[in-house]
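All heavy atoms count here, side chains included; hydrogens, waters and symmetry mates do not. Nothing here was measured: the structure is a model prediction, and the numbers come from that model.
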Amino acid sequence: MKVHGSGFPTPNIMEFEISRKIRFVSMCNISPEHNQLFRIGTMGVERQIISEGISIESLPKLNAIISDQKMITFELDEEAGGYRTNLVFYPINFWIENQWSDYAILASVLEEYCHHFWNIEDEALVKRKVVDIMNSHIFNRESQVTLDQVYNIKWIEEYEYRRDNGLDLTDMH
């Protein structure tokens, strides 16, 4: 499978064992600051996986696309009759346009990793996992973060209320 517009340098995460499970495709240049946030997120996730006794070899592979576009075009190889993939999409342009902080970008990187590697679909639970990884494996004791420093706590409370009461979650993004 090919991603149209790809071919730009990807985050430099090769020294991490988990890099064998992540295939980055970049459709734009990545700033040194964004590269560093991908590195920090990858390191934190790898440390959490190891601390939980999870074998990196047992993890499913992940395709991660980094883009400055809102649209992705895929092309199957000529001999392919189908294609299945585990995919995350990181819209760098959205981060920049909305002036996301480094905390927010790091949380976004971690959140998609957590959805994938721990198979967490629940948005509130995955956000708690992200903050746990940040505090356990990225920040020191003096720099601990709380859920409300990283995420919109009112959104999480609304999501949990709806989830716990069997209400519709489809419009909760």
Side-chain angles (χ1 to χ4, degrees), residues 1 3 11 13 18 21-28 30 34 37-38 40-56 58-74 76 82-139 144-173:
M1 181 189 74
V3 179
I13 63 166
I18 199 169
K21 296 294 182 168
I22 304 168
R23 176 183 174 246
F24 274 104
V25 173
S26 187
M27 299 173 65
C28 60
I30 304 167
H34 288 146
L37 293 169
F38 278 105
I40 291 168
T42 303
M43 174 200 66
V45 164
E46 179 174 282
R47 287 178 179 176
Q48 183 69 30
I49 287 167
I50 291 168
S51 76
E52 291 181 18
I54 299 169
S55 163
I56 289 176
S58 72
L59 297 172
K61 290 186 177 181
L62 174 65
N63 290 292
I65 297 177
I66 300 169
S67 180
D68 59 356
Q69 305 293 314
K70 292 184 178 181
M71 185 174 72
I72 305 168
T73 304
F74 297 98
L76 292 178
Y83 188 80
R84 182 193 93 36
T85 188
N86 294 312
L87 178 69
V88 299
F89 180 66
Y90 294 108
I92 286 184
N93 61 316
F94 182 82
W95 299 342
I96 295 167
E97 290 168 8
N98 292 284
Q99 300 176 352
W100 277 26
S101 69
D102 287 351
Y103 277 152
I105 295 169
L106 179 58
S108 178
V109 170
L110 287 168
E111 189 169 325
E112 300 314 323
Y113 280 166
C114 289
H115 276 303
H116 177 73
F117 290 121
W118 281 272
N119 196 25
I120 302 172
E121 292 186 27
D122 186 286
E123 290 295 329
L125 292 177
V126 81
K127 286 168 176 39
R128 293 179 190 286
K129 183 74 170 182
V130 165
V131 170
D132 180 51
I133 291 171
M134 287 175 146
N135 288 330
S136 298
H137 301 289
I138 295 174
F139 300 123
Q144 299 288 284
V145 294
T146 59
L147 196 61
D148 63 334
Q149 288 175 302
V150 180
Y151 293 107
N152 178 338
I153 197 71
K154 296 225 179 277
W155 184 94
I156 294 171
E157 290 169 350
E158 173 69 15
Y159 182 94
E160 290 174 328
Y161 174 81
R162 287 184 182 194
R163 178 198 64 207
D164 295 346
N165 289 287
L167 301 174
D168 186 24
L169 298 171
T170 55
D171 65 338
M172 301 282 303
H173 303 293

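Here Met27 contributes atom CE and Ile92 contributes atom CD1; the two are 11.5 Å apart, rounded to the nearest 0.5 Å.
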Can Tyr103 and Gln149 be said to form a side-chain contact (heavy atoms from CB on, under 4.5 Å), step by step?
-> CA-CA 8 Å; Tyr103 277 152; Gln149 288 175 302; 5.6 Å; no
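You'll find the ring centres of Phe94 and Phe89 outside the 6.0 Å limit. Close placement of the Phe24 and Phe38 rings is indicated, their centers lying within 6.0 Å of each other.
Ring pair Tyr113/Phe117 is tilted by interplanar angle, where 30° to 60° counts as tilted.
With 3.5 Å as the limit, one finds a donor-acceptor pair spanning the side chains of Trp118 and Glu52. Defined by atom type and a distance below 3.5 Å, a donor-acceptor pair is present between the side-chain atoms of Glu111 and Tyr151.
Salt bridge absent: Asp122 and Arg128 never bring a charged side-chain N and a carboxylate O closer than 4.0 Å. One finds no salt bridge joining Glu158 and Lys154 here, because no Lys/Arg side-chain nitrogen approaches an Asp/Glu carboxylate oxygen to under 4.0 Å.
The closest side-chain heavy-atom distance from Pro11 to Thr42 is not below 4.5 Å. Within the 4.5 Å cutoff, side-chain heavy atoms of Val145 are placed close to those of Asn135. For the pair Met172/Arg163, no side-chain contact is recorded, criterion being any heavy-atom separation below 4.5 Å from C-beta on. In this structure, Phe74 and Leu87 have side chains that are in contact, with non-hydrogen atoms separated by less than 4.5 Å.
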